[in-house]
Amino acid sequence: TPSYGPASSAQDWGYSEVALEPNRYRVTFRGGDAPLAQDYALRRSAELTLQNGYEWFEVVNAYTQKEGGGGSGTRVSVGGSTGSYRSGVGIGIGFPIGNSTPDVVHTYEILMGSGEKSQAPNVYDARAISASLARPQ
């Protein structure tokens, strides 16, 4: 199970975010199963909302995808390259080692706000979410 924290690269487990506008972010969590990835992306959304001085956030878009993994067995890949003095073709054979479960990547696009909060089901109180999803790491 991945622990909650920032991803050190785009392919590592953890959260990452991109500011789309001053009060709009795309928040992603990679790792674990779908419910865990969703909770951790929601938790990071709440933290960002509070860090930016807002009180609530609205999820305006959400999606989950699975990457990698996908079963056992060997996989073959072929690649090529060219350079100033050399060109070549390579063939690789991969053997899954350990858990071949795909990474779950969950992304929320959020819009942050303050003041009166809508009662719509996709609008969250940042303090309440932060408190309810704060788990020991």
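This is a predicted model, so every value here is computed, not measured.
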Side-chain touch Y108/L42, heavy atoms, less than 4.5 angstrom
yes
Quick check: do E55 and T49 have side-chain heavy atoms less than 4.5 Å from each other?
no
Minimum heavy-atom distance between [X] and [Y], given as atom pair plus value:
X	Y	value
L48	N52	O-ND2, 2.7 Å
D12	A7	O-CB, 3.6 Å
G31	A37	O-CB, 3.7 Å
R43	L133	CD-O, 3.4 Å
G53	S114	O-OG, 3.7 Å

Would you confirm whether [X], through its side chain, and [Y], through its main-chain N or O, come within 3.5 Å as a donor-acceptor pair?
X	Y	value
S130	A126	no
N122	V59	yes
D103	R30	no

Is it the case that more than 12 heavy atoms not belonging to Q51 sit under 6.0 Å from its CD atom?
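Count over threshold, so yes.
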Are W56 and I110 in one and the same hydrophobic cluster, where Ile, Leu, Val, Met, Phe, Trp and Tyr link if side-chain heavy atoms are under 4.5 Å apart?
no
For residues L36 and V105: do they belong to one hydrophobic cluster (side chain heavy atoms under 4.5 Å, members Ile, Leu, Val, Met, Phe, Trp, Tyr)?
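No, L36 and V105 fall in different hydrophobic clusters.
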Applying side-chain contact (heavy atoms from CB on, under 4.5 Å), name anything that partners R24, two or more places apart in sequence or on another chain.
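For R24 the side-chain contact (heavy atoms from CB on, under 4.5 Å) partners, ignoring immediate neighbours, are L20, E21, V60, E109, L111.
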Check this for me: does any side-chain nitrogen of one of R44 and E17 sit under 4.0 Å from a carboxylate oxygen of the other?
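Salt bridge between R44 and E17, a charged N being under 4.0 Å from a carboxylate O: yes.
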Tell me which one of Y25, F57, Y124 satisfies side-chain contact (heavy atoms from CB on, under 4.5 Å) with S45.
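For S45, the side-chain contact (heavy atoms from CB on, under 4.5 Å) test succeeds with only one of Y25, F57, Y124, which is F57.
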Where does the angle between the aromatic ring planes of Y4 and Y40 fall among parallel (under 30°), tilted (30 to 60°) and perpendicular (over 60°)?
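Judged by the thresholds at 30° and 60°, the geometry between Y4 and Y40 is perpendicular.
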Atom pair CZ (F29) and CD (Q38), whose distance is rounded to the nearest 0.5 Å:
12.0 Å
Rounded to the nearest 0.5 Å, what's the gap from CZ on R26 to CG on N61? Could you check?
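CG of N61 is found 8.5 Å from CZ of R26.
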